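Have a look at this one.
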Amino acid sequence: VETICGFETILGVVATVEDHHRRLAGWYGEDPFEDRQGLVRIVPESAGLEAESTPFWWAGGFQAGDLTVLKFSCGTIEGLGHGLTHELTHRFDGALFPGQPSWLTEGKAVWTASAYGPSTDEVFVANHANFGTFQGVWIDGWGRAEKLETLISGTMEDYRDNYAAGYCLYVYLNTWEEGGERLFQEALQRFMEGGRSR
């Protein structure tokens, strides 16, 4: 962990980063980084993200290989942990499921960032869903076939739509049940595993 934010920030991140990593490793069913340590760099302002070559001017953090960079100026370590979990999900996906489309990459990371309580929770809440996000996505028209097609094809106007709309699509495909059976979960897993061969 590297930061110029101060002692309490570095202490908080050091104290929780292993918890977030361990939860993700358990959820993915493996840890592809056992012999490969990552670097978490916390910067206090957006200029720090720009200096680290953030891909989007509006981003609060990003993941690039073994480097995780997050902006943290005011807030709590627990709050920072949710952003850290989001970015570490990208790290795991990059190692285990490369080639996923953006809606799935961002949607899954939004889910992991919100599907737990305290940092020390060892597992995610399997059926977690933020109904406010679902309502907003529905109101914005993402339930219409032509708009959903732009999300899936990656041709929507704003990359940021991958976060909320991708989250809703990921939750639907991962949890929708009929007759006690999750209809799309196995197909979603196959889709993730075949990301590069699509």
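Keep in mind that this is a model prediction, so the values were computed, not measured.
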Mind checking whether W176 and M192 sit in one hydrophobic cluster, side chains of I, L, V, M, F, W, Y counted as touching below 4.5 Å?
-> yes
Please check if L183 and F191 belong to a single hydrophobic cluster, counting links between Ile, Leu, Val, Met, Phe, Trp and Tyr side chain heavy atoms closer than 4.5 Å.
-> yes
Let me see the working for L188 and Y170 under side-chain contact (heavy atoms from CB on, under 4.5 Å), right down to the final yes or no.
-> CA-CA 9 Å; L188 177 62; Y170 171 77; 3.8 Å; yes
Using 30° and 60° as the class limits, which term best fits the ring planes of W111 and H128: parallel, tilted or perpendicular?
-> perpendicular
Aromatic rings F124 and W27: how do their planes relate, parallel, tilted or perpendicular, breaks at 30° and 60°?
-> perpendicular
When hydrophobic residues are tied together by side-chain contacts of less than 4.5 Å, even through go-betweens, does V125 share a cluster with Y167?
-> no
Criterion side chain to side chain donor-acceptor pair (under 3.5 Å) against H90, the qualifying member of Q63, E106, Q100 = E106
Is it the case that one hydrophobic cluster holds both V14 and F72, taking links as side-chain heavy atoms less than 4.5 Å apart, direct or via other members?
-> yes
Looking only at side chains, do T85 and T112 share a donor and an acceptor under 3.5 Å apart?
-> no
Check the surroundings of atom CD in E186: do more than 12 heavy atoms from other residues, nucleotides or ligands lie under 6.0 Å from it?
-> no
E2 atom CD: more than 12 heavy-atom contacts under 6.0 Å = yes
Any chain of hydrophobic side-chain contacts (each under 4.5 Å) joining V43 to I4?
-> no
Got a sec, which pairs hit salt bridge (Lys or Arg N to Asp or Glu O under 4.0 Å) with one end in residues 63-92, sequence neighbours left out?
-> R36-D66, D66-R91
Is the F134 ring parallel, tilted or perpendicular to the F131 ring (thresholds 30°, 60°)?
-> tilted
Nearest 0.5 Å, what's the CG-OH distance between D19 and Y116?
-> 9.5 Å
